[in-house]
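Remarks on the structure that follows.
Sequence lines set the chain letters: A, B, ... in the order given, protein chains first and strands last, and positions in each chain run from 1.
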Amino acid sequence: MAKQYWLMKSEPDAYAWEQLVADGTGMWDGVRNHTAKLNLMAMKKGDEALFYHSNIGKECVGIMKIVEESFPDPTAEKGAPWVVVRVEPVRALKHPVTLAAIKADPKLADMDLIRQSRLSVGRVTPDEWKHILKKSEKPAG
DNA sequence: GCCAACGTTGGC
DNA sequence: GCCAACGTTGGC
């Protein structure tokens, strides 16, 4: 299957990009939403994901890759349906891509991130992915 | 099985 | 701090 792209949100207060970089690897735990869970379960090793800082920053700050496919969330109650994936940072974006910039761009205004603002793990299409990376090359965009 | 009440998330 | 979106819960 072709590589898939994702966007994963975290409040920097709880778990920031810098923390993931410092750790070298991270388990994406704590997802308690079924739509988000289905996305986690659809992830394949080698897929790439944007790290988005919600609430504080409200911007995409880095790229990570999926290094281990979904398995039961050890922080959830036994028997609960929740899962996690293991991720590793790939690189920081040269310039963060803000929510405002995404909303203002007609090519990106239809993203999961915009349409379903509370969804913490969303899909990104290859076109959206390319476009966001291009935006991240330039400041203020 | 429907729907109102309530809680949580996240943008502003 | 407020509000909209949306998920969950509980009464019926």
Side-chain angles (χ1 to χ4, degrees), chain A residues 1 3-141:
Chain A
M1 194 197 290
K3 190 194 281 188
Q4 305 175 99
Y5 299 101
W6 309 93
L7 182 146
M8 298 159 90
K9 287 189 198 178
S10 179
E11 295 191 33
D13 276 354
Y15 192 78
W17 166 255
E18 290 76 13
Q19 184 66 49
L20 179 63
V21 172
D23 290 349
T25 179
M27 216 173 53
W28 205 269
D29 61 20
V31 171
R32 296 292 181 271
N33 169 284
H34 290 283
T35 308
K37 179 198 70 177
L38 289 176
N39 284 331
L40 288 177
M41 291 174 70
M43 290 180 184
K44 298 291 175 196
K45 198 171 170 176
D47 284 359
E48 291 188 305
L50 287 163
F51 194 122
Y52 174 84
H53 277 170
S54 65
N55 244 315
I56 301 165
K58 284 170 285 182
E59 57 195 12
C60 302
V61 292
I63 299 171
M64 48 195 174
K65 65 180 173 188
I66 311 306
V67 295
E68 188 175 347
E69 292 170 20
S70 65
F71 57 95
D73 187 339
T75 71
E77 279 178 50
K78 198 161 183 263
W82 310 118
V83 300
V84 299
V85 295
R86 183 166 289 283
V87 296
E88 283 180 12
V90 175
R91 65 177 175 91
L93 295 180
K94 193 181 281 181
H95 303 282
V97 178
T98 65
L99 180 65
I102 290 171
K103 273 186 157 172
D105 192 322
K107 288 202 186 85
L108 301 175
D110 198 36
M111 288 179 65
D112 274 4
L113 175 69
I114 308 297
R115 290 190 301 109
Q116 225 179 318
S117 66
R118 284 183 52 199
L119 184 61
S120 59
V121 181
R123 266 180 200 280
V124 177
T125 70
D127 281 352
E128 289 162 352
W129 180 268
K130 266 185 277 179
H131 203 68
I132 288 174
L133 290 204
K134 203 169 145 196
K135 280 175 115 58
S136 74
E137 291 300 312
K138 283 182 265 176

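Remark: P of C:dC6 and CG of A:Leu113 are 13 Å apart, rounded to the nearest angstrom. Here the P atom of nucleotide B:dG10 and the CG atom of A:Asp112 are 14 Å apart, to the nearest Å. What separates CD of A:Glu59 from P of B:dG10 is a distance of 16 Å, to the nearest Å. Rounding to whole angstrom units, CG of residue A:Asp13 and C1' of B:dT9 are separated by 14 Å. A:Leu119 places its CG atom 11 Å from the C1' atom of C:dC6, with the value rounded to the nearest Å. As a whole-Å value, the separation of A:Ile102 CD1 from B:dC12 P is 11 Å. In this entry the distance linking CD of A:Glu11 with C1' of B:dT8 reads 11 Å, nearest Å.
Partner of A:Lys45 under the side-chain contact (heavy atoms from CB on, under 4.5 Å) criterion, chosen from A:Glu68, A:Lys65, A:Glu69: A:Glu69.
Phosphate contact (OP1/OP2 of C:dG7, side-chain N/O of A:Gln116, threshold under 4.0 Å): present.
We find that A:Asp127 and A:Lys107 are not joined by a salt bridge, their nearest charged nitrogen and carboxylate oxygen being 4.0 Å or further apart.
Of the possible polar contacts, one joining the A:His53 side chain to the A:Trp17 backbone as a donor-acceptor pair under 3.5 Å is found. Looking at A:Gln19, its side chain never comes within 3.5 Å of a backbone N or O of A:Ala16 through a donor-acceptor pair.
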Stepwise side-chain contact (heavy atoms from CB on, under 4.5 Å) test for A:Met43 and A:Gln4
CA-CA 7 Å; A:Met43 290 180 184; A:Gln4 305 175 99; 5.8 Å; no
Worked verdict on A:Val84 versus A:Phe71 for side-chain contact (heavy atoms from CB on, under 4.5 Å)
CA-CA 6 Å; A:Val84 299; A:Phe71 57 95; 3.4 Å; yes
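Non-hydrogen atoms lying under 4.0 Å from DNA chain C are contributed by A:Asn33, A:His34, all within residues 32-41 of chain A.
Heavy atoms of A:Leu99 sit under 4.0 angstrom from primed sugar atoms or phosphate atoms, though from no base atom.
A distance of 6.0 Å or more separates the ring centres of A:Trp6 and A:Phe51.
Scanning all heavy atoms of the two residues, the minimum distance from A:Pro89 to A:Val21 falls at CG-CA, 3.9 Å.
Between the two ends of the helix from B:dG1-C:dC12 to B:dC12-C:dG1, each summarised by a five-pair axis, the helix axis turns through 10° (rounded to 10 degrees).
Defined by atom type and a distance below 3.5 Å, a donor-acceptor pair is present between the side-chain atoms of A:Thr75 and A:Asp73.
Listed nucleotides: B:dG10, B:dG11, C:dG7. Nearest to the side chain of A:Tyr52: B:dG11. The side chain of A:Arg118 has C:dC6 as its nearest neighbour among C:dC6, B:dG10, B:dG11.
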